[in-house]
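These notes concern the structure reproduced below.
Chain letters run A, B, ... following the sequence lines, proteins first, then strands; residues in each count from 1. Only this structure's heavy atoms are used, side chains among them; waters, hydrogens and symmetry mates stay out.
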Number of protein chains: 2
Amino acid sequence: MIFSSELIKGTLKTILLKLLADNHKMYGYEITQRVKELTAGRIQLTEGALYPTLHALEEEGLVTTEVEYMGKRVRKYYRLSDTGMTRKDEKVNEFADFVATMKILLDIEVKPA
Amino acid sequence: MIFSSELIKGTLKTILLKLLADNHKMYGYEITQRVKELTAGRIQLTEGALYPTLHALEEEGLVTTEVEYMGKRVRKYYRLSDTGMTRKDEKVNEFADFVATMKILLDIEVKPA
DNA sequence: CAAAGATACATAAGACTTCGATGTATCATA
DNA sequence: TATGATACATCGAAGTCTTATGTATCTTTG
């Protein structure tokens, strides 16, 4: 079952920041694959959503980029900045609090990973 | 701390369906107050989001409405339909699964309520 | 070796949702 | 009698995501 896109709304930046915090540097396509893998295919990032968001993160100064060539093929790597690391912590904490709040509202059990 | 609105995006319908499942019938303003109360003020539904969403639920056949007068003041009550009850279960389950997935991605602990 | 599928970037129009402001009106309280 | 709470609602603007499209390279398989 793939999650409805509505659910993922608002969490994309958080996911990207966290992945970049864990992996030092990643490129766009790699991110889509990693997320798919980590979520057993239940979250599939589309390029139309991913690239604009990565660009936005760059404009906000949360990531820096560097281009590498694999043969003739371009890869654009994204790396978290210090500001980005701080923001990542904020975002992840906010999401954790949000979930705690939603648990009360929806009266759900969240299974341990 | 009030949650950024982006986070609440995509969960509004789920929240509404769950509230209506628990409370049999509620009106709009009551919903905003109940949510504020249940979440210690951290989720504040705005009318601009609430009413269009309630109307959408009605169009989808998930809720029925009935108008009552308190003196001269109108109250529009919303009540969950059978379809709505089914949908509520689906939505709540989907959210629980989503959270389990996000826990893996973000590597977070979710405190028990 | 040709075709298909995967890798890899990106943009752009349209759809959808939410925000913030605005509007109307009643009721309670200071 | 004015303010704040109650109660409905809509609308333009803003923001985000989807779907489609575009370009190009690399790898695998028939």
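Here the rule is side-chain hydrogen bond (donor to acceptor under 3.5 Å, both in side chains) with A:Thr65, and of A:Arg79, A:Lys76, A:Glu58 only A:Glu58 fits it. None of A:Arg75, A:Arg73, A:Lys25 except one satisfies the salt bridge (Lys or Arg N to Asp or Glu O under 4.0 Å) rule with A:Glu68; the exception is A:Lys25.
The CG atom of B:Leu50 sits 13 Å away from the P atom of D:dA7 (whole-angstrom rounding). Computed from coordinates, the B:Glu37 CD to D:dT6 P distance equals 12 Å when rounded to whole Å. For the pair B:Ile31 CD1 and D:dA7 P, the computed distance is 12 Å after rounding to whole Å. As rounded to whole Å, 14 Å separates atom P of C:dC19 from atom CZ of B:Phe3. To the nearest angstrom, P of D:dT18 lies 12 Å from CG of A:Leu7. Rounded to whole Å, the distance from CD on A:Gln44 to C1' on C:dT7 is 16 Å. Between B:Leu16 atom CG and C:dT17 atom C1' the separation is 14 Å, expressed in whole Å. Put simply, NE2 on A:His55 is 9 Å from P on C:dC9, counting in whole angstrom units.
Picking from C:dC19, D:dT18, C:dT26 the nucleotide with the shortest atom distance to the side chain of B:Ala49 gives C:dC19. Here the side chain of A:Lys72 is nearest to one of D:dT18, C:dA8, D:dC26, namely D:dC26. When distances run from any side-chain atom of A:Tyr29 to the nucleotides D:dC17, C:dA6, D:dC8, the shortest one goes to C:dA6. Considering only side-chain atoms of B:Lys76, the nucleotide from D:dA9, D:dT18, D:dT25 that sits closest is D:dA9. Here the side chain of A:Arg73 is nearest to one of D:dT25, D:dA7, D:dT18, namely D:dT25.
Distances shorter than 4.0 Å separate some side-chain N or O of B:Thr53 from OP1 or OP2 on C:dT18. Contact between the side-chain N/O atoms of A:Tyr27 and the OP1/OP2 oxygens of C:dC9 is not found at any separation under 4.0 Å.
The NZ atom of B:Lys103 sits 11.0 Å away from atom CG of B:Leu106, with the distance rounded to the nearest 0.5 Å.
Heavy atoms of A:Tyr78 sit under 4.0 angstrom from primed sugar atoms or phosphate atoms, though from no base atom. In this structure, A:Gly48 reaches the bases: a heavy-atom distance under 4.0 Å links it to at least one base atom across the strands shown. As judged by a 4.0 angstrom heavy-atom cut-off over every strand, B:Arg75 is placed among residues touching the sugar-phosphate backbone only.
With the nearest nucleotide of DNA chain D identified for both A:Leu12 and A:Gly71, A:Leu12 has the one nearer the 5' end. Where B:Tyr51 and A:Glu47 each meet DNA chain D at their nearest nucleotide, the meeting point lying more 5' is that of B:Tyr51.
With respect to the salt-bridge test (charged N to carboxylate O, under 4.0 angstrom), the residues A:Arg87 and A:Glu60 qualify.
Listed here is the closest heavy atom pair of B:Tyr51 and B:Tyr29: OH-N, 3.9 Å.
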